[in-house]
Amino acid sequence: MQLKRHDPGKILSGAVEANGFVFVAGQVPDNLDQGVRGQTEQVLAKIDALLAKAGTNKSNVVWANVWVADIRSRDEMNVAWMAWMDPKNPPARATVEAKLADPRILVEIACTAAK
């Protein structure tokens, strides 16, 4: 099995290619001054960039896990999600409330895509 790591760091890689799949690590926004929708849009743009580096795209996402700091913000997050997602190829997805690494982070998303 051949592995290819994208944006490796001290703790994790931004994405890892293995066996025809791309595993994207949990992505968080850079600008924490925005609300849930803005933060979600930032995260989805980061996912787009990582998927492109791996030679795939959002139409090939098969699974996504979304963590929100407050489950009551799910609808606001979904506005950005629905604008981003390929409506012909919706992935399986879970959304859960979680205490995130920084209290200013309102959303984190990880996903798996096929190549």
Side-chain angles (χ1 to χ4, degrees):
M1 172 175 58
Q2 196 117 9
L3 296 177
K4 185 171 182 182
R5 300 179 194 285
H6 299 277
D7 298 347
K10 290 181 181 181
I11 298 174
L12 55 85
S13 292
V16 177
E17 295 180 54
N19 288 340
F21 287 96
V22 179
F23 301 89
V24 177
Q27 299 298 306
V28 296
D30 294 320
N31 179 352
L32 303 180
D33 294 331
Q34 294 184 339
V36 172
R37 182 176 177 177
Q39 286 194 17
T40 303
E41 289 168 348
Q42 289 179 63
V43 168
L44 295 172
K46 291 171 86 171
I47 290 171
D48 277 338
L50 285 164
L51 293 173
K53 283 183 182 181
T56 191
N57 61 60
K58 64 186 172 190
S59 296
N60 294 323
V61 172
V62 295
W63 168 256
N65 199 41
V66 180
W67 296 273
V68 290
D70 184 340
I71 199 66
R72 294 172 293 183
S73 68
R74 183 176 179 265
D75 289 342
E76 187 179 351
M77 177 276 301
N78 273 331
V79 171
W81 177 269
M82 295 299 292
W84 173 81
M85 182 196 74
D86 177 354
K88 294 182 182 176
N89 297 294
R93 189 188 93 178
T95 303
V96 297
E97 180 179 86
K99 185 175 182 180
L100 300 173
D102 181 318
R104 298 171 300 157
I105 297 173
L106 305 176
V107 64
E108 180 172 345
I109 302 173
C111 66
T112 303
K115 283 276 290 183

### Query
In Å and rounded to the nearest 0.5 Å, what is the CD1 to CG distance from I109 to L44?
4.5 Å
### Query
Under 4.5 Å between any side-chain heavy atoms of L51 and V61, yes or no?
yes
### Query
Got a second to check how far E108's CD is from N65's CG, nearest 0.5 Å?
9.0 Å
### Task
Answer yes or no: is there a donor N or O on one side and an acceptor on the other, between the side chain of Q27 and the main chain of V43, under 3.5 Å?
no
#### Entry: Donor-acceptor under 3.5 Å (E41 side chain, A80 main chain)
no
### Task
For atom NZ of K115, decide whether the heavy atoms of other residues, nucleotides or ligands shown that lie under 6.0 angstrom number more than 12.
yes
### Query
Would you say L106 and E76 make side-chain contact, with heavy atoms under 4.5 Å?
no
#### Entry: N/O donor-acceptor pair under 3.5 Å between T56 side chain and A114 backbone
yes
### Query
Looking only at heavy atoms, which two atoms of A25 and L12 are closest? And how far apart?
CB-CD1, 4.0 Å
### Message
Would D48 and N57 count as a side-chain contact (heavy atoms from CB on, under 4.5 Å) here? Give the steps.
### Response
CA-CA 6 Å; D48 277 338; N57 61 60; over 6 Å; no
### Task
Return yes if some donor-acceptor pair links the side-chain N/O of K46 with the main-chain N/O of V28 below 3.5 Å, else return no.
yes
### Task
Starting at CG of L3, measure out to CZ of F23 and round the result to the nearest 0.5 Å.
9.5 Å
### Task
Would you kindly confirm whether M82 and I71 end up in one hydrophobic cluster when ILVMFWY residues are joined by side chain heavy atoms under 4.5 Å apart?
yes
### Task
Kindly indicate, with the supporting measurements, whether the criterion side-chain contact (heavy atoms from CB on, under 4.5 Å) is fulfilled by W84 and T40.
CA-CA 10 Å; W84 173 81; T40 303; over 6 Å; no
### Query
Is any side-chain heavy atom of C111 closer than 4.5 Å to a side-chain heavy atom of I47?
yes
### Any P91 side-chain heavy atom under 4.5 Å of M85 side chain
yes
### Query
With a 4.5 Å limit on heavy-atom distance, are the side chains of V107 and V66 in contact?
yes
#### Entry: Side-chain donor or acceptor of Q42 paired with backbone N/O of P29 under 3.5 Å
no
### Message
Check for me, please, whether V36 and L32 land in the same ILVMFWY cluster - side-chain distances under 4.5 Å, paths through other members count.
### Response
no
### Query
Are any non-hydrogen side-chain atoms of V22 and H6 less than 4.5 angstrom apart?
no
